Structure formats: C-alpha cells, structure tokens
Asks: 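Submitted below is the structure of interest, expressed as structure tokens.
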Protein chains: 2
Amino acid sequence: MTDKEAEAPGLARLAALLADETRAACLLALLDGRAWTAGELARHAGVAASTLSEHLGKLVTGGLLAEERQGRHRYVRLADDRVAQLVEDLAAQVAPEAAARRPRTLRASSAGSAMARGRTCYDHLAGRLGIAVTDALTGLGLLRQDTGFALTDAGLGWFDAAGIPLRPTGRRPLARACLDWTERRPHLAGVAGAALCRHALDTGWCVRIGSERAVKVTPAGEAALSELLRIDPLALR
Amino acid sequence: MTDKEAEAPGLARLAALLADETRAACLLALLDGRAWTAGELARHAGVAASTLSEHLGKLVTGGLLAEERQGRHRYVRLADDRVAQLVEDLAAQVAPEAAARRPRTLRASSAGSAMARGRTCYDHLAGRLGIAVTDALTGLGLLRQDTGFALTDAGLGWFDAAGIPLRPTGRRPLARACLDWTERRPHLAGVAGAALCRHALDTGWCVRIGSERAVKVTPAGEAALSELLRIDPLALR
DNA sequence: GGGACACTTCGGCGCCCGCCGAACCGTGCG
DNA sequence: CGCACGGTTCGGCGGGCGCCGAAGTGTCCC
C-alpha cells in the first residue's frame, strides 16, 4: 500500500517521457540498437535541432537513453535492453489499432514490405525472418513455446554446434518472447536472440538494407538457414 | 519505416494515458485484479469525483479499462491481462529509483511488510510468497528459468496432480516471468500463475488481508505448500 | 413521491510543456 | 586563423490538460 502510493508519481513521470510524439519517434528509431546523432534524430522527427536537444536531455536524465559525446557530435542510444523491451512492449500494445487504421492497399509498399520481410528489433531478428527462425527452432524441438518460452537442452546444443556462444549476462534472460508488431506473433529475443542476430550479420547470413533496420537474407544465409534449421528459402521472399 | 512512423503517435497517446499521476494511481490500484467503483478510486487518489470521472472516461476509451455499470455504480477493472502486464512492467522499471528513494527505516512498517510478505499482482502471487513458490517450483525441476521461463513436463504433471487445471487461452502464455518490484526477482505469472493463485485462494491456502492486495498464508496453506513444494513455513513469516 | 446518493457535464482557472528562432559555445576543417 | 557546422541555451508564444465547484441526470430506498 505505502509502496504502491509511492510508485504512482514515478510511473507517471516515466510514462510522461514516452507521452510525446517526438520523443516516441526517437525511441522507435533507436530500436535499431545503434547510436544516432542529435541532428539525425531531429531531421527524422521533423523538428528543430533546439527542440530535439531538449528532448534528448529529458530522455537521458530520465535514464532511457545513454549518451556518448564524440567531438562535436552527441550520440545517443537506448540505455539498455530493459528500455528496448519496454518500448517494444508499448509498440506491440498499440499495434492492433494501428493495424486497423492502416489502409490495406499500402500493405505492399516497398519500404514497408522490406521491413515486414526482415528487420532487427533492437538487437535481435524480427519480421517474417524472425518469425521463421523462431518457428523453425520450435519445430525442431530446440525452443519450447507450449509451456512458456525457453530453449531446450537440444536447443543449447544447437547453438553450441552452430558456433554461436551464449554468454549469460547479469539478469537478462537467455530466451525471451518479443511480440512482433507486424506479424503479431512472438519471436526469439533475449541473450539467444541477440547472439543469433549478431552471428547472422557477422557471417553474412543477412545484411542491412541501407541505414534502416530492414535486413535482407543473402544466398549464403538461405543455404545456412536451410541446412541448420530446415527453413524453406521461398518462405523468406 | 512507414510502419514505424505510424506507430509514434499511437505510442505517445498510449503513454499519455499513463503519464498522469492520478491515472497511474488508479491503474496501480486496479492491479489487484478486482473492479473498483469510481467513488472508491476518487477517494483513493484524493481528487474530486468529477475529476476522476473524466479520467475514467479517457482510460476506458483508450482501451485500458473495461467498465460495467450496475445501478448507480460504475465499476471499472483493467481491460485484460495485457494491460496488467504493461502496468506491471512499467512499475518494475520505475522500482529501482523508487527503492533508492525509500527511507531504510520504513522497510518494516506494518502495511508495507504485509505487502512485501505476500500479495497478488493482478491475478497471480507476488511478494516473498510469490518468489518462494517460484523458487520451489524451480528447485524441484518443475519450472525452468536457466534457458528462459517455462514449465517442464514434470511441471505440467505437478499441476495436474495437484488438481489445478491449466486451460490454455488464446495467446496468453502458459508461464511468464513477472518482475516483482519489491523483491526485484521474477516470479510465475501467465496462465499457470493465475491458476495457482486462484487455487490458493479457493482452497484457503491463503486469504486476503482486508480489502487490499496483501495476502496471508494460512496454517493449512503452510502445510500444503510444505508438502507439495517443500517450502519451509518459516520462510513465509 | 421525495430525498439521498453515485456519477456526469460544463465553465473557468491555472499550470505545464512543446515548439521555434536567435544568440551562443565548442569542435573540426580548409 | 577563420569559417562552417553540430549542438545548446534562452525567451516567448500557444495549446493542451488537470483541477475544481456547481448544476444536472439517473438510481435506489424509505
């Protein structure tokens, strides 16, 4: 009771940080897991540099962003994966109504469909690619979704055999479900999701398209995913 | 990209609903999973009835609350478990700073410590009781946390043997980790967490203290938890 | 029917906050 | 050295929103 009372102001203050459209646009952009400069974000959000500077100040002091100053640039990124998860969760909560509002005819727009095919979500794979990988892991008995969301012992072996080390960190879970907000289905996040995504980018299974979050599977990636996870290459196109 | 752009206003609007201290207090109060009347919430939050009426209107049209009108009363409750999860997540995110701000000497205050011992979190057990149950399930190999968060086959058998049916619903996960914001550790939520909590209250393993979220383990509950999960009764006091 | 009660609507007040442009500061480059 | 450029600070403007009290609506109970 006393605890609960004390939580309300904090919760409101945290939510207030997210309750501005400009700041929300920044956080969503930063979901790509990379560091952006203040100027890039200002152009992205369509506001004056001075305005965005104030927003960044609030987000940083609020603990949502971490900053790194290099020369005359100010780079910001999401403070940690907890913040990323929070933004993802909120975005997923909003998705149903957003999807209903979205005109059907635009579903095939090129930029949108590239994002729908495959993208990164902070530091793991999302979109149809992310779903396909998650489904494949589940189908092969490497990941269990029927009783929660966790790798199996066979799953641990698969990561080991594939040469993808899973280093457990402080309290980030090894496997976690992240609700994809175009596919409306859970996909693999957590330490394993991040390691798999990093491996996929490092070994050239997929490459980033431009400077956006969208990713494309390479021929080498199709072969690897087909061999290791029995994923039909056609399902990714 | 186009999707992301469209998400920002929605995310901001959702966050704005949570960004008011009065509304936050209401949502936290409603985490007990029960329906409150408008008047109760107004007194709880310390604002005029007219003010709270407007807040309820926003929360209902925003989809966070469901309402039920009975006679001259307006009952509201959280719309669904997704909303409850969202509020829990936000509260957990805020907890670290709130805990740091909290004076040490008050830790043993009676109301607070009753809440810390055991409480319900929307529809599952939390507090030290929730942690103890989760730890016991894990220690007995019924719940796996090392590779994610999921029941094991033995765990499914345990629920069955204990006479606690697990009815899988639409897309709510069977087991989910909910981060406790007094204990700072994950405890069992999801379908299994809710079923266990309901069973505990139905069979008298624990009872609610007053009209708050705090719960107390009964002697019968101590015996049952000791027998079924090898929980030391002393750990719950 | 009348009165108490729960809730809602409305008008008005005051505050907060996001926005911009202009001035300012520091870095990097020619 | 000096200019260009990224970022910050400040003043001022405008809109939005939470709050209240008073008046209104509907329900229950005597």
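Proteins get letters first, then strands, A, B, ... in listed order; numbering begins at 1 in each. Keep in mind the model is a prediction, meaning the values are calculated, not measured.
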Asks: Among dT8(C), dT8(D), dG18(C), which nucleotide sits nearest the side chain of Arg74(A)?
Replies: dT8(D)
Asks: Does Ser50(A) get its side chain close enough to the base of dG21(C), under 3.5 Å, for a donor-acceptor pair?
Replies: yes
Asks: Scan Ala38(A) against the nucleic acid and name what it touches under 4.0 Å (heavy atoms): base, sugar-phosphate only, or nothing.
Replies: sugar-phosphate
Asks: Of the options dC17(C), dC7(C), dT8(D), whose atoms approach the side-chain atoms of Lys58(A) most closely?
Replies: dC17(C)
Asks: Look at the side chain of Asp80(A) and the backbone N and O of Val83(A), then say whether any donor-acceptor pair between them is shorter than 3.5 Å.
Replies: yes
Asks: Using whole Å, what does the distance between atom C1' of nucleotide dA6(C) and atom CD of Glu68(B) come to?
Replies: 17 Å
Asks: Mind calculating the distance between CG (Leu18(B)) and P (dG18(D)) to the nearest angstrom?
Replies: 12 Å
Asks: Whole Å only: how far is the CZ atom of Arg13(A) from the P atom of dC16(C)?
Replies: 15 Å
Asks: Identify which nucleotide among dC19(C), dC20(D), dG18(C) has an atom closest to any side-chain atom of Thr22(A), counting heavy atoms from C-beta outward.
Replies: dC19(C)
Asks: Figure out the CD/C1' separation between Glu21(A) and dC17(C), and round it to whole Å.
Replies: 15 Å
Asks: Does a side-chain N or O from Arg69(A) land closer than 4.0 Å to OP1 or OP2 of dG26(C), or not?
Replies: no
Asks: Write down the distance between OH (Tyr75(A)) and C1' (dT8(D)), rounded to a whole number of angstrom.
Replies: 18 Å
Asks: Quick one: the side chain of Thr51(B) and the base of dG18(D), do they pair up donor-acceptor inside 3.5 Å?
Replies: no
Asks: What I want to find out is whether Asp81(B) reaches Arg176(B) closely enough, with some N-O distance under 4.0 Å, to be called a salt bridge.
Replies: no
Asks: Just compare dC5(C), dC7(C), dG26(C) and give me whichever is closest to any side-chain atom of Arg72(A).
Replies: dG26(C)
Asks: Of all the heavy-atom pairs spanning Ala8(A) and Ala24(B), show the shortest one and how long it is.
Replies: O-CB, 3.7 Å
Asks: Once you round it to whole Å, what is the distance between P of dC7(C) and CG of Leu59(B)?
Replies: 15 Å
Asks: Here's a test of your reading of the structure: between Glu54(A) and Glu67(B), which maps to the more 5' nucleotide of DNA chain C?
Replies: Glu67(B)
Asks: What nucleotide among dC7(C), dG18(C), dC19(D) has an atom nearest to a side-chain atom of His55(A)?
Replies: dG18(C)
Asks: So which atom in Glu88(B) and which in Tyr122(B) form the shortest heavy-atom distance, rounded to 0.1 Å?
Replies: OE2-CB, 3.6 Å
Asks: For Leu56(A) and dG18(C), give me the distance from atom CG to atom C1', rounded to whole Å.
Replies: 14 Å
Asks: For the side chain of Thr218(A) and the backbone of Trp205(A), is there at least one donor-acceptor N/O pair under 3.5 Å apart?
Replies: yes
Asks: Starting at CG of Leu41(B) and ending at C1' of dC7(C), how long is that distance when rounded to a whole Å?
Replies: 13 Å
